[in-house]
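Comments concern the structure below.
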Amino acid sequence: MNVIGERINGMFTVIGDAISAKDPGPVRDMAIKQLEHGANTLDINVGTRVPKDERAEVMRWLVESVREVTDAPLAIDNPALSTMRVGIEAATKKGPAIINSTTGQEDKLASFMALAHEFSAGIICLAIDENGVAASTDAKLEIGMRSVGAAMDAGVPLEQVYLDPIILPVNCDQAAPGIVLETISQFGMLSDPAPHIVIGLSNLSQGASERPLINRTFLVMAIAAGLDASIHDPLDTGLMNEMITAEMLLNKSIYSNSYLKAHLQSL
Ligand code: THG
């Protein structure tokens with residue numbers, strides 16, 4: 001599993017305050033802490049508190065702060081092409097990067113895929129287009145197919161493509177998580193090699209009171225359906241242990257009596 005740590009996001013108070021104070025310390029600390037807890041990739045999101053015309057510069061500062069302590073892959077999390085370019089450029093000076101993300105409108109796909117190609121970056125493609133979040137499995141698959149086609153047209157290798165079916169809070173639409181599971185199992189059949197499949201897990205439990213329980217249960221089901229990347233909180237050790245166990249039970253890692261410890265030591 002590619003664990004994409006979600007904690008460097010201006011929506012969290014610690015990071016929002018560090019951005020306001022231009023203090024790189026808490027950003028560096030959060031990067032190291034997430035990697036120590038099993039993140040492979042770090043999501044970088046300036047949050048919504050930063051005014052639009054300052055987001056590119058704040059993104060550059062966040063990425064450079066993280067790059068002082070790690071050359072791990074960074075997922076640059078922003079919808080605007082201009083901010084994305086600044087973030088990807090800064091991240092790839094010392095290590096790999098993933099564009100997080102593009103939506104599925106043809107013109108948007110073309111410009112973001114061109115950027116992925118230019119920087120040899122990965123790219124996350126959301127099941128969203130001009131009609132909003134695709135609600136049905138068929139509509140999500142259609143956008144997934146369009147995204148894979150756009151990657152091929154732009155010369156972006158499929159190993160660099162991540163499809164995101166979009167998970168929304170279960171307390172808004174209780175039928176949606178099941179549709180996402182069905183979509184995950186079908187995304188894998190869209191191409192050969194198959195695209196990666198990713199979700200922003202914590203969206204699912206926003207506003208709910210049993211957040212960790214809901215996240216953990218769904219992650220296990222999604223892994224069984226074929227999920228191979230997840231944006232979530234690696235500091236939730238229970239969640240990480242369930243993920244590691246699910247992978248062991250699916251024969252993706254070797255069983256031993258100390259498989260949990262072995263996983264951490266392999267980081
Ligand atoms: N897909 C992709 N990228 C994404 C998402 C996605 N990036 C953003 C988001 N969704 C994933 N990241 C988060 C980060 C935090 C939370 C949810 C998703 C979260 N935050 C607390 C809340 O809102 O309650 C904030 C807690 C606090 O303020 O301390 O839940 O779907 N590709």
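Start at 1 and go down the list; that is how both ligands and their atoms are numbered.
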(message) Closer than 4.0 Å to some heavy atom of N100 - which atoms of ligand 1 meet that?
(response) 2 (C), 3 (N), 32 (N)

(request) Please determine, by modelled atom types, if S101 and Y162 share a side-chain donor-acceptor pair under 3.5 angstrom. (result) no

(request) Name the option, out of Q206, H232, E6, that contains the heavy atom nearest to atom 23 (O) of ligand 1. (result) Q206

(message) Within the 4.0 Å heavy-atom shell around I124, which atoms of ligand 1 are there?
(response) 32 (N)

(request) Please determine, by modelled atom types, if E6 and S202 share a side-chain donor-acceptor pair under 3.5 angstrom. (result) yes

(message) Check this for me - ligand 1, T13, N or O atoms closer than 3.5 angstrom, yes or no?
(response) no

(request) Please say whether N9 places an N or O atom under 3.5 Å from an N or O atom belonging to ligand 1. (result) no

(message) Quick one: does any side-chain atom of H196 pair with a main-chain N or O of D228 as donor and acceptor, under 3.5 Å?
(response) no

(message) Does this structure show an ion pair linking D17 with R49, if we count only N-O contacts that are shorter than 4.0 Å?
(response) yes

(request) Would you check the N or O atoms of S101, main chain and side chain alike, for any that come under 3.5 Å of an N or O of ligand 1? (result) no

(request) Examine the proximity of ligand 1 to R211 and report which part, side chain or backbone, both or neither, has a heavy atom under 4.0 Å away. (result) side chain

(request) State whether R60 and E57 are salt-bridged, where the test is any N-O pair (Lys NZ or Arg NE/NH1/NH2 against Asp/Glu carboxylate O) under 4.0 Å. (result) yes

(request) Heavy-atom contacts with L126 under 4.0 Å: which atoms of ligand 1 show up? List them by number with element. (result) 32 (N)

(message) One thing to verify: whether R85 and E89 come together as a salt bridge, which I'm taking to mean a side-chain N less than 4.0 angstrom from a carboxylate O.
(response) no

(message) For M11, which part has a heavy atom under 4.0 Å from ligand 1: side chain, backbone, both, or neither?
(response) both

(request) Pick one of side chain, backbone, both or neither for how I166 approaches ligand 1, counting any non-hydrogen atom pair under 4.0 Å. (result) neither

(message) Under a 4.0 Å threshold between the charged nitrogen and the carboxylate oxygen, would K108 count as salt-bridged to D129?
(response) no

(message) Would I231 count as a contact residue for ligand 1, given that I'm defining contact as a non-hydrogen atom of the residue lying under 4.0 Å from a ligand atom?
(response) yes

